[in-house]
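This one's a predicted model, so the numbers in the text were calculated from it and none came from an experiment. Proteins get letters first, then strands, A, B, ... in listed order; numbering begins at 1 in each.
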Protein chains: 2
Amino acid sequence: MVYHYGGARGASAAKREAKQRIIDAAIELYAEHGLGAVTLKQIAALAEVSAPLVIHHFGSTSGLRTACDQEAARRIYAYKTMAVAMGEQFTFEAMLRQSAAHRPLLRYLTQALMAGGEEVDALMDQLVDDAVAYTTDAVEQGLVRPSPNERHRAAMLLLQGLGAMMLHRQMKRLIGTSPMDDPPEEWGPYILTVFDIYAHGVFTPGAYDHALSQITAPSEAPSAPPQTSQRGPDS
Amino acid sequence: MVYHYGGARGASAAKREAKQRIIDAAIELYAEHGLGAVTLKQIAALAEVSAPLVIHHFGSTSGLRTACDQEAARRIYAYKTMAVAMGEQFTFEAMLRQSAAHRPLLRYLTQALMAGGEEVDALMDQLVDDAVAYTTDAVEQGLVRPSPNERHRAAMLLLQGLGAMMLHRQMKRLIGTSPMDDPPEEWGPYILTVFDIYAHGVFTPGAYDHALSQITAPSEAPSAPPQTSQRGPDS
DNA sequence: CCAGAGGCTGAATGCCTGTTCAGCCACAGA
DNA sequence: TCTGTGGCTGAACAGGCATTCAGCCTCTGG
């Protein structure tokens, strides 16, 4: 179609360029529409390339999927490495400034996590490892409360955070903004809401004790106060 | 295929039965594989019915989708009505006992929420309304802390809870159990983890103040403590 | 200047999709 | 007992899918 063989650059550079364009297009479309709802032609069209070329480079569509998983893992690893290398310079602001670039990547990750797969499962394990390391560090600095199970908490925070991102359309509708749709300057309501929950908690101490006793010995109390925490799975 | 015209029941009963079986099959498959990744024949096969019959009843596949949305809304409404009718009898236990029956429904809901659509958006708004009512009630009873924005908090809790359910495969892997995969008796680790977060919060009071000041006036502090709350969108 | 290599394409292939059509079978009403 | 109605089907259809193939065009190495 477009097919312009970009002038002076070498063949290997052109190859890498088209191959990369295909992966980028695939990640973007998979992120947007889900892994099962994207056709080869859509990817080829977005990458401004013919469909057979995709097969030529990746063997098949599932080969492309694998390549996307690897690319996602690679980019996330690179991001983490960079963050470590920046050290003190990696401020909250610096993180926000990069957010737009990683947006499709993050949405692809959530889609891939839903589908599962060896590659992606391993990546998720790594993310949990990192989250545990971060929070443990923050606990020692007195910024984060200790947890009876640091790993479970870190995993759940990750699942909740990523999961909420999957519903970004609804988030945008319900709280007016979402990190997936808007630039960081407009994340205010999102950040405030998350902080509201994660800073103070949701339950009062009394409710926590009450609910816990009801769960461990369910038949003794007829009222149902802990509904809120169960709203996800049940209502 | 099977096609057994079940003996003594009338034609209208048989019709309703097949139609219902199709909707059930569709909801189950859409819930499992995503809205864009299910074929008409798969649905027909699971419902033990021919593909043309699905078209005959719903006009087209998108007609079936609409019917599924309506059915999902109907069932959720029925569930809420029942809960209200049970009143004091609607205990935590009673809720759990019903969970398995509503499992595909809930997964369908999350898939539909991702895709969006008029019908489903309205349903989500209703769910938020209910969540606000519940939490406001619980605040008055002293079980839940008040929030600066009750609606935003209720919406975010819903998004986080539903979102985490979408990643139930990962949840199962990471904390060993998930409400989508296991019976209520095994939800222990899930409930404890959610309670850990929602009861005590994650941040210490000092970290909250520090982070808040850094966000509202970002350029004054070079360190980056509030990473944890941003892990969802960024790392 | 002349092969050879390789990125890349359009056209062709066979499979699978949603949908249409004509007709079957069980039941309801006369 | 006959006739109509309606749930339901297999077969047929066009269109779209991933994939294969033969060949083009540009660059590279000699």
Side-chain angles (χ1 to χ4, degrees), chain A residues 1-30 32-69 71 115, chain B residues 1-30 32-69 71 115:
Chain A
M1 283 225 175
V2 167
Y3 196 18
H4 43 66
Y5 281 111
R9 65 172 119 67
S12 72
K15 166 183 174 179
R16 214 177 298 123
E17 201 176 90
K19 208 170 174 180
Q20 194 61 48
R21 233 173 29 229
I22 292 169
I23 289 185
D24 290 347
I27 286 179
E28 192 169 327
L29 287 173
Y30 284 141
E32 185 75 24
H33 304 294
L35 299 183
V38 176
T39 69
L40 181 57
K41 291 200 171 182
Q42 289 175 310
I43 295 170
L46 186 60
E48 292 185 284
V49 136
S50 70
L53 185 63
V54 180
I55 303 294
H56 174 71
H57 278 306
F58 303 98
S60 67
T61 46
S62 79
L64 175 59
R65 262 297 320 281
T66 305
C68 287
D69 282 355
E71 175 70 6
Chain B
M1 280 266 169
V2 169
Y3 195 14
H4 43 68
Y5 280 111
R9 66 173 118 65
S12 73
K15 166 183 175 179
R16 214 177 299 122
E17 201 177 272
K19 206 169 175 180
Q20 195 60 48
R21 230 170 36 224
I22 292 169
I23 290 185
D24 290 347
I27 287 180
E28 192 170 328
L29 287 172
Y30 283 142
E32 185 74 23
H33 304 293
L35 299 183
V38 176
T39 70
L40 180 57
K41 293 201 171 181
Q42 288 175 311
I43 295 169
L46 186 60
E48 292 184 285
V49 136
S50 70
L53 185 64
V54 180
I55 303 294
H56 173 71
H57 278 306
F58 303 98
S60 67
T61 47
S62 79
L64 175 59
R65 262 298 320 282
T66 305
C68 287
D69 282 355
E71 175 70 6

Nearest-Å distance for atom pair [atom1]/[atom2], residues [X] and [N]:
X	N	atom1	atom2	answer
A/Phe58	D/dA18	CZ	C1'	16 Å
B/Arg65	C/dG18	CZ	P	14 Å
B/Leu53	D/dG10	CG	C1'	13 Å
A/Gln42	D/dG16	CD	C1'	11 Å
A/His56	D/dA18	NE2	C1'	17 Å
A/Arg21	C/dG7	CZ	P	14 Å
B/Gln20	D/dC8	CD	C1'	18 Å
B/Leu64	C/dG18	CG	C1'	12 Å

Side chain of [X] - closest among [options]:
X	options	value
A/Leu40	C/dT19, D/dA18, D/dG10	D/dA18
A/Ile55	C/dT20, D/dT20, C/dC8	D/dT20
B/Thr61	D/dT19, C/dT19, D/dT9	C/dT19
A/Pro52	D/dA18, C/dA11, D/dC8	C/dA11
A/Thr39	D/dC17, D/dG10, C/dT9	D/dC17
A/Lys41	D/dT19, D/dC17, D/dG10	D/dC17

Nearest-0.5 Å distance, CD of residue B/Glu48 to CG of residue B/Leu53 |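 These two atoms lie 13.0 Å from each other.
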Residue pair B/Leu29 / B/Val38: nearest heavy atoms and the distance that separates them =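 The answer is O-CG2, 3.4 Å.
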Would you name the heavy atoms of B/Ile22 and B/Phe58 that are closest together and state the gap between them?
->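 In terms of heavy atoms, the two residues are closest at CG2-CE1, 3.6 Å.
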Is there side-chain contact between A/Ile55 and A/Leu40, with at least one heavy-atom pair below 4.5 Å?
->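 With C-beta onward as the side chain, the pair touches.
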Does B/His57 put a side-chain nitrogen or oxygen below 4.0 Å from OP1 or OP2 of D/dC8?
->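 Looking at the OP1 and OP2 atoms of D/dC8, one of them is under 4.0 Å from a side-chain N or O of B/His57.
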Which residues satisfy the side-chain hydrogen bond (donor to acceptor under 3.5 Å, both in side chains) test with A/Glu28, sequence neighbours excluded?
->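 Residues passing side-chain hydrogen bond (donor to acceptor under 3.5 Å, both in side chains) with A/Glu28: none at all.
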